[in-house]
There are 2 protein chains.
Amino acid sequence: MENLTGDTHGSEGALLDRVRHLVLSGRFPPGAPVSEVLLAQEFEVSRTPIRETLKQLQHEGLVEIRPKVGTFVREPTRREIVELFQLKECLEGMAAGLLARRGPVPELEILERNVEESDKAAASQDAARYAELVHEFHRTLILGADNSKLVEHYDRLMNQLAYHRLVLRTAEHPGRITTSTGEHRAVLAMIRAKDHFGAEAAMRNHVYASSRELLTDARTAAEHTLS
Amino acid sequence: MENLTGDTHGSEGALLDRVRHLVLSGRFPPGAPVSEVLLAQEFEVSRTPIRETLKQLQHEGLVEIRPKVGTFVREPTRREIVELFQLKECLEGMAAGLLARRGPVPELEILERNVEESDKAAASQDAARYAELVHEFHRTLILGADNSKLVEHYDRLMNQLAYHRLVLRTAEHPGRITTSTGEHRAVLAMIRAKDHFGAEAAMRNHVYASSRELLTDARTAAEHTLS
DNA sequence: CTACGGTTTGATGTATGCAAGAAACGATGG
DNA sequence: CCATCGTTTCTTGCATACATCAAACCGTAG
């Protein structure tokens, strides 16, 4: 589950990943300032590489840099989250379509095994394992599209969604587990049938359903917090 | 035609845009080294802001930074270009669909006027004006989707496509002019009819056709260069 | 009590100096 | 003549010092 984005550019990206992980860990509440000197002390480096890292994170949408003022943890608005899910739907639908066109590729077998494992995890009510498998399914699908630029944009998108904070809650819905696996199977069936059009539609439908679930969940969770 | 991306973050982005413009101007051939000190002298600033700028451009895919070696103008491979056009098709199709759902919005009138102007430009064989209008059409469509994250990803995508180098050649095909406008009209008709499904399909078709044209053009251009 | 202006403070933005490493160059041995 | 190894040189990578600016603070006047 470590290294979600998969971008380890040698030794440089290590710092970026560490800072990103720190920001996403919830140690900084949304809107909190992220001081350059504090991070520099934390990671025992100078401000210069920290600055570059923060610029990257700003580009990823994780933090907001107000010039001459400071860097702050960015809390995405509900609207932005909806927008990001629309994009997710678009990109993952595209991936499903492309994968369907490719024919029999090794990624298909990985996806097959994934749904099998998902069934086992669902049967044993292993929410953590199930969430991991869901993540793996989506990422394998993206990788299977064989489009490196799609992967790049998808990674950026998922970073913007602050993956850790949002998506992992899906597994907390026991009812959602079977539904999700069923939708995964539907997508796979379309891909196997080389129906790229149907595969795209099925994937879009799945992403849309998941996002709706997450969004209503977030709303009720927020209401619970308020009450 | 300046400021293609529209991202002028106060005074900071100015340098970024200038460096990007310089890199895209063809003054550096693909693969050429982009020295930090040279850029620093060119823009009369220190190496520090130049470094940050180059990191951004690397993130945009315009340059490649080899650690401890240098920064080099990145020549996208043909495959990458194809991948980017696939993404373009996906994103612009999504935008057309979203715009169709929105109903009557001011962007629609802008698009209407755009095709009118395009006809005029085509009639007078004003290739430059036509190219400008084509660009404006696509960007208005993206903006009309009312999805800020889509705009961000689209801008990044267009930067990666090294817009100046590739797309502006479209207008050099006299035959393509009318075809393109016709496809624009088809998309607009679907949007007016609130057929978001058809709008997306029409837009995808248009982007695909344009990309095919550009890619074959690039191939023949390369062959001409070689002969 | 409130509004306003000067000051202080703390942050970022930039410039510069030094260290480290990779590629190019040349000398040397075969 | 060619391969190889040491050296040189140019680059980036990082650390530090200074400049700059925004926001908070406080004292004062109304």
Side-chain angles (χ1 to χ4, degrees), chain A residues 3 5 7-25 27-75, chain B residues 3 5 7-25 27-75:
Chain A
N3 191 15
T5 59
D7 45 7
T8 56
H9 299 72
S11 57
E12 44 165 283
L15 182 64
L16 196 153
D17 286 339
R18 289 206 292 170
V19 174
R20 177 167 39 216
H21 195 262
L22 179 60
V23 172
L24 288 176
S25 288
R27 183 164 148 187
F28 294 89
V34 183
S35 169
E36 294 180 359
V37 289
L38 284 183
L39 287 184
Q41 293 171 356
E42 175 87 15
F43 296 108
E44 293 180 339
V45 291
S46 170
R47 271 182 53 213
T48 311
I50 293 291
R51 271 184 71 73
E52 294 179 352
T53 299
L54 289 180
K55 280 255 181 171
Q56 295 282 327
L57 292 184
Q58 180 193 31
H59 217 210
E60 292 180 4
L62 260 168
V63 301
E64 174 189 3
I65 299 180
R66 276 185 285 176
K68 286 288 188 180
V69 176
T71 304
F72 304 88
V73 177
R74 188 159 157 58
E75 172 76 330
Chain B
N3 191 15
T5 59
D7 47 7
T8 55
H9 299 71
S11 55
E12 44 165 283
L15 182 64
L16 196 151
D17 286 338
R18 287 206 294 170
V19 174
R20 178 166 38 217
H21 194 263
L22 178 60
V23 172
L24 288 176
S25 288
R27 181 164 150 188
F28 295 88
V34 182
S35 169
E36 293 180 358
V37 289
L38 283 184
L39 287 184
Q41 292 171 355
E42 175 85 16
F43 296 109
E44 293 181 338
V45 291
S46 169
R47 272 182 50 212
T48 311
I50 294 290
R51 272 185 69 74
E52 294 179 353
T53 299
L54 289 180
K55 279 257 180 171
Q56 296 282 328
L57 291 184
Q58 179 193 30
H59 216 213
E60 292 180 5
L62 260 168
V63 301
E64 173 190 5
I65 299 179
R66 276 186 284 178
K68 289 286 187 182
V69 176
T71 305
F72 303 87
V73 176
R74 189 160 154 58
E75 172 76 328

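Order of the sequence lines sets the chain letters (A, B, ...), proteins ahead of strands, with each chain counted from 1. Fair warning: this is a prediction, and the values are worked out from it, not measured in the lab.
B:F43 places its CZ atom 17 Å from the C1' atom of C:dT14, with the value rounded to the nearest Å. If you take CD of B:Q41 and P of C:dT14, they are 18 Å apart, rounded to a whole angstrom. If you measure from atom CG of A:L16 to atom C1' of D:dC14, you get 17 Å, rounded to the nearest angstrom. Between A:E52 atom CD and C:dT12 atom C1' there is a gap of 15 Å when expressed in whole angstrom units. Straight-line distance from the CD1 atom of A:I50 to the P atom of D:dT16: 13 Å, rounded to whole Å. In this structure, CG of A:L39 is placed 13 Å from C1' of C:dA11, rounded to the nearest angstrom. Computed from coordinates, the A:Q58 CD to C:dT12 P distance equals 13 Å when rounded to whole Å. For B:I65 and C:dG21, the CD1 to P distance is 19 Å, given to the nearest whole Å.
Comparing A:T48 and A:L54 by the nucleotide of DNA chain C whose heavy atom lies nearest to each, the residue mapping closer to the 5' end is A:L54. Between A:P49 and A:R66, the residue anchored closer to the 5' end of DNA chain D is A:P49, taking for each the nucleotide with the nearest heavy atom. Nearer to the 5' terminus of DNA chain D, by closest-nucleotide assignment, is the contact made by B:G70 (compared with the other of B:G70 and A:V69).
At least one side-chain heavy atom of B:E60 sits less than 4.5 Å from a side-chain heavy atom of A:H59. You'll find the side chain of A:L39 reaches within 4.5 Å of the side chain of A:L54, heavy atoms only. Between A:Q58 and A:T71 there is no side-chain heavy-atom pair separated by less than 4.5 Å.
Nucleic acid contact class of A:R47 (heavy atoms, under 4.0 Å, all strands): base. Nucleic acid contact for A:T71: none, since no nucleic acid atom lies under 4.0 Å from a heavy atom of the residue. The residue A:R51 sits close to a base: some heavy atom pair falls under 4.0 Å.
Counting distance only, with no hydrogens placed and no angle test, the side-chain atoms of A:K68 and the base atoms of D:dT20 include a donor-acceptor pair under 3.5 Å.
Across all non-hydrogen atoms, the minimal contact from A:E42 to A:L22 is CG-CD2, 4.4 Å. Heavy-atom minimum distance, A:R74 versus A:G61: CD-O, 3.5 Å.
Of the candidates D:dA22, C:dA15, D:dT12, C:dA15 carries the atom nearest the B:V45 side chain, counting heavy atoms from C-beta on. The side chain of B:S46 lies closest to C:dT16 when the candidates are D:dA15, D:dA23, C:dT16.
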